[in-house]
2 protein chains.
Amino acid sequence: MTVTTDDRPDLAAMLLWLTRALIDAEEPVLAANDLTMWAYSVLTALATGPTRTQAALARAIRADKTRIIPVLDDLQERGLIERQPDPADRRVRLLAITPAGRRAFARTRAGIRAGEERVLALLPAADRRAFLRTLRALSDVDDVAAIAQPRSTG
Amino acid sequence: MTVTTDDRPDLAAMLLWLTRALIDAEEPVLAANDLTMWAYSVLTALATGPTRTQAALARAIRADKTRIIPVLDDLQERGLIERQPDPADRRVRLLAITPAGRRAFARTRAGIRAGEERVLALLPAADRRAFLRTLRALSDVDDVAAIAQPRSTG
DNA sequence: TATTGTTATACTCTATAACTATA
DNA sequence: TATAGTTATAGAGTATAACAATA
């Protein structure tokens, strides 16, 4: 035989179902902290990364630049982030998370991580470590989509 | 310290990015075979599972029952599936994949698996095996969302 | 000429409600 | 009274185009 047909669902299908289930499970946690998934995504990027401008933020969280504007408006109104004009480039608005924003982020992430722990607890410790390590490696890959294309090394 | 804050992105975030990249990569394969993601999903269920009715199919692929009707119409018109009234229950229409549908499915899945192989090839063989095994275990879990909820064991 | 941020709009996707025909 | 399948519609989510300000 020329092709090995593993008797398993497609990789993307398995990933999609698992991801959807986790995101569904996180919804109540986000709601309890008055955050949408996008708002949490923004706080995460500002709390953990060097993001400064809105364009950089949009790239960091893989969102359209127009997508996040209402989100930023809301977070700013609630005092969770700050937006200040950049004196060096007056087109740009510099973003920063506030102490209140950092607290909201920490609280929310703790809830989300707790839910993830309950799922990961289904796995033997060694499997769990290996899974997280490999998943992290794959999600660190620059352009998975390009690698999946034929002749991507042209 | 009471809580271990792993220095990593949230599980769901890593999964979501990886999944999106894979699905993006599969789009050209699906297009080359004149199938949407939902159509491929339907063919997969009918080719690999015991699905018989539309309601069962909708449950199997986690879609709303109204969601798949235009998809079934199209697949039937193209001769890739058959829909026949069930003599035992005249409300029901029994679904079946045709030989042509089976060929289209096999061809498409081969293309999708090839793309997945290129991504999985980034991993050491042992990591790859462990990742697939664990992912399969997690995606086989009945209700991940319920497990992620606090007090789910009531 | 290109980029940042913004608004408005159009488009896609999905769920909801309402219906029929059967059970 | 409940279920399978269908249709039409409304809602949410997203991207696109066009704009003003600045580089």
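Only a predicted model underlies this, so the values are computations on that prediction, with no experimental measurement involved. Reckoned from all heavy atoms, side chains included, excluding hydrogens, waters and symmetry mates. Lettering of chains follows the sequences in order, A, B, ..., and the numbering in each one begins at 1.
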Checklist line | Nucleotide of C:dT22, C:dT4, D:dA23 approaching B:D89 most closely (side-chain heavy atoms) | finding: C:dT22
Could you tell me how far apart [X] ([atom1]) and [N] ([atom2]) are, to the nearest whole angstrom?
X: B:R62; N: C:dC13; atom1: CZ; atom2: C1'; result: 19 Å
X: B:R59; N: D:dT3; atom1: CZ; atom2: C1'; result: 11 Å
X: A:D73; N: C:dA8; atom1: CG; atom2: C1'; result: 15 Å
X: A:Q84; N: C:dT4; atom1: CD; atom2: C1'; result: 17 Å
X: B:I69; N: D:dA8; atom1: CD1; atom2: C1'; result: 12 Å
X: B:L57; N: D:dG5; atom1: CG; atom2: C1'; result: 13 Å
X: B:R83; N: D:dA4; atom1: CZ; atom2: P; result: 16 Å

Between [Y] and [X], is there a salt bridge with N-O shorter than 4.0 Å?
X: A:E116; Y: A:R109; answer: no
X: B:R91; Y: B:D86; answer: no
X: A:R20; Y: A:D24; answer: no
X: B:R78; Y: B:D34; answer: no
X: B:R128; Y: B:E117; answer: yes

Check: How would nucleotides 9-21 of chain D be written as a contact map, 5' to 3', with B for base contact, S for sugar-phosphate-only contact and - for no contact, using protein heavy atoms under 4.0 Å?
Finding: -----SSBB---B
Next item on the list: Could you tell me whether the phosphate oxygens of C:dT4, OP1 or OP2, come under 4.0 Å of any side-chain nitrogen or oxygen in A:R52?
Entry: no
Checklist line | Phosphate OP1/OP2 of C:dT3: any A:Q54 side-chain N/O under 4.0 Å | finding: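 Checking A:Q54 against C:dT3: no side-chain N or O falls below 4.0 Å of OP1 or OP2.
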Check: Cut-off 3.5 Å, side chains only: do B:Q54 and B:R83 have a donor facing an acceptor?
Finding: yes
